[in-house]
Undergrad: 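Let me give you the structure first, and then I'll get to my questions.
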Amino acid sequence: MTATVIDGKAFAAQVRAQVGAHVARLGMDHGLVPGLAVVLVGTDPASAVYVRNKGVQTVEVGMASFEHKLDAATPEAVLLSLIDLLNADPAVHGSPVPLPLPAHLNAGLIINAIDPAKDVDGFHISNVGLLGTGQKSMVPCTPLGCLMMLRDHHGSLAGMNAVVVGRSNIVGKPMAQLLLGDSCTVTIAHSRTRDLAEVCRGADILVAAVGRAEMITGDHVRPGATVIDVGMNRRPDNETSAGKLCGDVDFAAVREALGPNGWITPVPGGVGPMTIACLLANTLTACCRSHGLPEPQGLTA
Ligand code: NAP
């Protein structure tokens, strides 16, 4: 018997349905339409796919979708002026600027120019600080999606041992903060961690956010644990020139090692679909907060 697969695609559809129902109520009761304006600078292919999917799903849940596509050579001052306009626009409740940005732009400066209340990616330094001090913030979408899946499967996470592999600002660190906020005992591992496999075997919850194809093997888990695979990597294959999408976890071997009481997310169809669902959830939350209305339950940390 192998571990049960957590269906992120189905769960993301549930989250979007919840968001859609709340958006409909906001319209009926208050005449409000949450608005999401994405600013895409340059031609990064992953960002372009993300923006396209986001636009479709934003409209499907009844929100207003705005897209600003800027040339890769756009001067910093022009981008900052657009962010100022979006900050002042009452129809816009979320205005993410997908990373990476072209090299001549200072990503920190750009992200911190976004109004923290509209920072639905949760990357603004104010939101990072609020999350780190356990206060209400905008929470980065990918870790938020992981947290929602974990809560859905376990209920309370209190007292569980969680190991997060990866310490990036956009995934590893906020993931660790969220797990700490839910009273897990948290270890953050990274490229300098000694005996990673042994550290990981101590986990009830193992989150892999590394960016290395299938590096987490059966040797890294103990039976009955829950494994969340954030990785999105391309493994060379003979069928597609782009390579096959795979996670940071060797899915088949780890699923076997976890045994019948374990849980595991697949790639694709695990964390990925939750990221856009959480962007929509964050935009709804931002809209409610900006109008002093109660926040939807279960859609934020
Ligand atoms: P990142 O900024 O490159 O960070 C990777 C982290 O992994 C670093 O902290 C690094 O440690 C650590 N690491 C690298 N090699 C390691 C090793 N051999 N053992 C242990 N730790 C190691 O990556 P990221 O932005 O966090 O993204 C991680 C993965 O998640 C990528 O595959 C990315 O595509 C994916 N991702 C998916 C979504 C989604 O929606 N599903 C969203 C965001 C990211 P050091 O700090 O010591 O270098």
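In listed order, ligands and their atoms are each counted from 1. What you are looking at is a predicted structure, and each value in this text was computed from that prediction instead of being measured. For the numbers below, each heavy atom of this structure counts, side chains included, while hydrogens, waters and symmetry mates do not.
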Undergrad: For the backbone of N106 and the side chain of E76, can you confirm whether one donor and one acceptor N or O come within less than 3.5 Å of each other?
TA: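 The answer is yes, because a donor-acceptor pair under 3.5 Å joins these two groups.
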Undergrad: So is there a nitrogen or oxygen of S168 less than 3.5 Å from a nitrogen or oxygen in ligand 1?
TA: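 Yes, S168 has an N/O under 3.5 Å of an N/O on ligand 1.
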Undergrad: Counting each atom of ligand 1 from 1 as listed, which ones have a heavy atom of V171 under 4.0 Å away?
TA: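 Matching atoms, with element in brackets: 26 (O), 43 (C), 44 (C).
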Undergrad: Is the closest heavy atom of A209 to ligand 1 under 4.0 Å?
TA: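 Yes.
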Undergrad: Say whether G272 and ligand 1 are in contact under the criterion: heavy-atom distance to a ligand atom below 4.0 Å.
TA: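 True for this residue.
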Undergrad: Mind listing the closest non-hydrogen atom pair of T265 and D229 along with its distance?
TA: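 What the structure gives for the nearest pair is OG1-N, 2.8 Å.
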Undergrad: Classify the side-chain pair H154/T226 by whether it contains a donor and acceptor separated by less than 3.5 Å.
TA: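 T226 and H154 do have a side-chain donor-acceptor pair below 3.5 Å.
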Undergrad: Quick check: does D248 get an N/O under 3.5 Å from an N/O on ligand 1?
TA: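 No, since none of the N or O atoms of D248 sits under 3.5 Å from an N or O of ligand 1.
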Undergrad: What residue and heavy atom of the protein are closest to atom 48 (O) of ligand 1, and at what distance?
TA: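 Of every protein heavy atom, S191 OG, 3.6 Å lies nearest to atom 48 (O) of ligand 1.
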Undergrad: Where do M160 and L179 land on the side chain to side chain contact (heavy atoms under 4.5 Å, CB included) test, with the steps shown first?
TA: CA-CA 9 Å; M160 296 178 89; L179 291 165; over 6 Å; no
Undergrad: Among all protein non-hydrogen atoms, which one is nearest to atom 29 (C) of ligand 1, and what is the separation to 0.1 Å?
TA: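 Atom 29 (C) of ligand 1 sits closest to the protein heavy atom G211 N, 3.6 Å.
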Undergrad: For the residue pair Q18 and Q297, what are the closest heavy atoms and their distance?
TA: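 Nearest pair, atom of Q18 first, then Q297: NE2-O, 3.6 Å.
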Undergrad: Against heavy atoms of G166, which atoms of ligand 1 measure under 4.0 Å?
TA: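 Counting atoms of ligand 1 from 1, those under 4.0 Å from G166 are 6 (C), 7 (O), 9 (O).
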Undergrad: Identify, for atom 34 (O) of ligand 1, the protein heavy atom at the shortest distance, and state residue, atom and that distance.
TA: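 Going atom by atom, the protein heavy atom closest to atom 34 (O) of ligand 1 ends up being M232 O, 3.4 Å.
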Undergrad: Taking a cutoff of less than 4.0 Å between a non-hydrogen atom of the residue and any ligand atom, is M215 in contact with ligand 1?
TA: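 Per 4.0 Å heavy-atom rule, M215 contacts ligand 1.
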Undergrad: Which of these, H190, R192, R167, has its nearest heavy atom closest to atom 46 (O) of ligand 1?
TA: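 Of the listed residues, R167 has the closest heavy atom.
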Undergrad: Atom 42 (C) of ligand 1: which protein heavy atom is closest, and how many Å away?
TA: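 Heavy-atom neighbour on the protein nearest atom 42 (C) of ligand 1: T142 OG1, 3.2 Å.
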Undergrad: Counting each atom of ligand 1 from 1 as listed, which ones have a heavy atom of R212 under 4.0 Å away?
TA: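 Matching atoms, with element in brackets: 14 (C), 15 (N), 16 (C), 18 (N).
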Undergrad: Check step by step if side chain to side chain contact (heavy atoms under 4.5 Å, CB included) holds for L99 and F123.
TA: CA-CA 10 Å; L99 303 176; F123 296 159; 4.3 Å; yes
Undergrad: For ligand 1, does V230 get within less than 4.0 Å through its side chain, its backbone, both, or neither, judged by non-hydrogen atoms?
TA: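 V230 to ligand 1: contacts from backbone and side chain alike.
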Undergrad: Would I170 count as being in polar contact with ligand 1, using the rule that some N or O on each side must be under 3.5 angstrom apart?
TA: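 Not met; the criterion fails.
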Undergrad: Can you tell me which portion of V210 lies within the under-4.0 Å heavy-atom range of ligand 1? Options are side chain, backbone, both, or neither.
TA: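 For V210, backbone and side-chain atoms both sit under 4.0 Å from ligand 1.
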Undergrad: Checking contacts here: is it the side chain or the backbone of N233 that comes within 4.0 Å of ligand 1, counting heavy atoms only? Could be both or neither.
TA: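 It is the side chain that gets close, since no backbone atom is under 4.0 Å.
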Undergrad: Which atoms form the tightest heavy-atom contact between V221 and A257, and what is the distance?
TA: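 Between these two residues, the closest heavy atoms are CG2-CB, 3.7 Å.
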Undergrad: Would a 4.5 Å heavy-atom cut-off, applied to side chains only, mark L279 and D121 as touching?
TA: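 Answer yes - side chains close enough.
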Undergrad: For N233, run the side-chain contact (heavy atoms from CB on, under 4.5 Å) check against V267, L245, D248 and tell me which one passes.
TA: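 Among V267, L245, D248, the one that satisfies the side-chain contact (heavy atoms from CB on, under 4.5 Å) with N233 is D248.
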Undergrad: Can you see which heavy atom on A48 is nearest to which on L40, and at what distance?
TA: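 Between these two residues, the closest heavy atoms are CA-CD2, 4.1 Å.
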Undergrad: Atom 40 (O) of ligand 1: which protein heavy atom is closest, and how many Å away?
TA: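 Result for atom 40 (O) of ligand 1: T275 OG1, 2.8 Å.
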Undergrad: Using atom types as modelled and distance alone, determine if a side-chain donor or acceptor of N127 lies under 3.5 Å from a backbone N or O of P116.
TA: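 A pair under 3.5 Å: yes.
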